[in-house]
Amino acid sequence: MLRCLTAGESHARALLAILEGIPAGLKVNAQAINQELKRRQAGFGRGRRMQIEHDRVEILSGLKAGITLASPIAILIKNKDSSIERLARVVCPRPGHADLAGLLKYGFSDCRDVLERASARSTATTVGVGAICKVFLAEFKIKVSSRVVSIGGQTQAKKMTIKIREAIQRKDTVGGVFEVRASGVPAGLGSYVHPDRRLDARIAAAVMSIPGIKAVECGLGFGYAQRFGSECHDAIYYSRGKGYMRKTNNAGGIEGGISNGEEIVVRACMKPISTLLSPLASVNIVSRRPAKASVERSDICVVGSAGVVAESAIAFILADLFLEKFGADALRGYQGSILALP
Ligand code: EPS
């Protein structure tokens, strides 16, 4: 129901996105999007690029007087650093980055031709689009949030900070785990009928599409493998006021690929950023001789930002599947009781 196309490179003039399928009559303002863009840029461990960029959106189309027209919404985020034509050639691919695999795929002779688009800078557009989806979801009291679960194996805030400091001192990088929760999601989004429309499959694909994400789990995830069925499935209850309900939520709000009315809980692992100030072994692609990997300006730890990006990616999927189930041309079309208790 929703379609999105993004364009832009890390140091091109701008990043752009076109979002199609948001119904007419939704109030959207740039401020709501800018708040989310700011959240993406924040966090201890971000690199110097974040001091240069103060991401702000320009909404180019799709609105009149701040209200959606149902036409495609085009957004633009300008890059302050738009030095793409002046940047030096990169000839020593970084292990872990798209550099070498991209080079082999396209036959480039400069890793920069890969890294400009492979850069996580593109996640600014993911967040811009996700912010609009969040505004739509908020109309139905659906809220998406995230938190950092661990950094480099540490689960306590103070120890996480120490771990990032350690990475800085070591000229290293560090990854971690974040969690995204979506509350107020009605039962019935997704499908057990169509494998490609399963809510968990769609969410996993969306989160895996974020640069640096190496694993995704829903609810108990890998924890299911360590328990008996009786210890992990969420018993079903009914109350007149609340309808069907659970006292536990190990399923993370998804059963059979469909939302079950409980909170959606998703966790993902972000690998350590692959640009290392103390670089690993690589090969110079011109001489084919051993060389240290190239060092580009980068971040030390971006797990918090990745959580914000994943919120946006999940908001897009929830909005898409919500429209698939309850679709209407205009917000006014939603009058009535689509979210009534089963
Ligand atoms: C990023 C912008 C990039 C990097 C980072 C994320 O800017 P620059 O390359 O100019 O420093 O800081 O991208 C990567 C970590 C990567 O591997 O590409 C951003 O806007 O989030």
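Note that the coordinates shown come from a computational prediction; the quantities given were computed from them, not determined experimentally. Atoms within a ligand are numbered from 1 in the order they appear, just like the ligands themselves. All values below were derived from every heavy atom in this structure, side-chain atoms included, with hydrogens, water molecules and symmetry-related copies excluded.
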In ligand 1, which numbered atoms sit nearer than 4.0 Å to a non-hydrogen atom of Ser298?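 Matching atoms, with element in brackets: 15 (C).
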Distance filter under 4.0 Å to Ile273 heavy atoms, resulting ligand 1 atoms: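 Every atom of ligand 1 under 4.0 Å from some heavy atom of Ile273: 15 (C).
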Table please: side-chain donor-acceptor pairs of residues 69-85 below 3.5 Å, with sequence neighbours left out.
unit_1, atom_1, unit_2, atom_2, d
Lys78, NZ, Glu58, OE2, 3.2
Asn79, OD1, Arg121, NE, 2.8
Asn79, OD1, Arg121, NH2, 3.1
Asn79, ND2, Glu9, O, 3.2
Asn79, ND2, Ser10, O, 3.1
Asn79, ND2, Ala12, O, 2.9
Asp81, OD1, Ser83, N, 3.2
Asp81, OD1, Ser83, OG, 2.6
Asp81, OD2, Arg297, NH2, 2.8

Where is the nearest protein heavy atom to [atom]: which residue, which atom, and how far?
atom: atom 16 (C) of ligand 1; value: His97 NE2, 3.8 Å
atom: atom 8 (P) of ligand 1; value: Arg49 NH1, 3.6 Å
atom: atom 3 (C) of ligand 1; value: Ser119 OG, 3.8 Å
atom: atom 4 (C) of ligand 1; value: Asp299 OD2, 3.7 Å

Between His11, Arg297, Arg40, flag the one that comes closest to atom 21 (O) of ligand 1 by a heavy atom.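 Looking at heavy atoms only, Arg40 sits closest to atom 21 (O) of ligand 1.
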Should one rank Ala120, Ala98, Ala118 by closest heavy-atom distance to atom 14 (C) of ligand 1, which comes out on top?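 Nearest option to atom 14 (C) of ligand 1, by heavy atoms: Ala120.
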Donor-acceptor contact present, side-chain Arg246 to main-chain Asp234, <3.5 Å: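 Pair found, side chain donor or acceptor close to backbone of Asp234.
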For the 3.5 Å polar cut-off, considering only N or O atoms, please tell me whether Thr123 and ligand 1 meet it.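 It does not: no N or O of Thr123 is found under 3.5 Å from an N or O of ligand 1.
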Nitrogen or oxygen of Arg121 less than 3.5 angstrom from that of ligand 1: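 For ligand 1, there is an N or O atom that lies under 3.5 Å from one belonging to Arg121.
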Flag side-chain contact, heavy atom, 4.5 Å: [X] against [Y]:
X: Thr123; Y: Pro211; result: yes
X: Leu37; Y: Gln41; result: no
X: Glu263; Y: Asn249; result: yes

CA sep, side-chain torsions, deciding dist, call: Val265, Cys218, side-chain contact (heavy atoms from CB on, under 4.5 Å): CA-CA 6 Å; Val265 185; Cys218 296; over 6 Å; no
Is ligand 1 less than 4.0 angstrom away from at least one heavy atom of Glu53?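 Under 4.0 Å: no for Glu53.
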So is Arg48 touching ligand 1 or not, going by heavy atoms under 4.0 Å?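 Flag not set, Arg48 not near ligand 1.
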Of the backbone atoms (N, CA, C, O) and the side-chain heavy atoms from C-beta on, which set of Met50 has a member under 4.0 Å from an atom of ligand 1: side chain, backbone, both, or neither?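 Side chain only; the backbone of Met50 stays clear of ligand 1.
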Per the side chain to side chain donor-acceptor pair (under 3.5 Å) rule, which among His97, Arg94, Glu296 passes with Thr275?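 Exactly one candidate clears the test, Arg94.
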Aromatic centroids of Phe140 and Phe322 separated by under 6.0 Å: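 Close enough - the centres of the two rings lie under 6.0 Å apart.
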Please identify each residue that fulfils salt bridge (Lys or Arg N to Asp or Glu O under 4.0 Å) with Glu231, with sequence neighbours left out.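 Checked Glu231 against salt bridge (Lys or Arg N to Asp or Glu O under 4.0 Å); zero matches.
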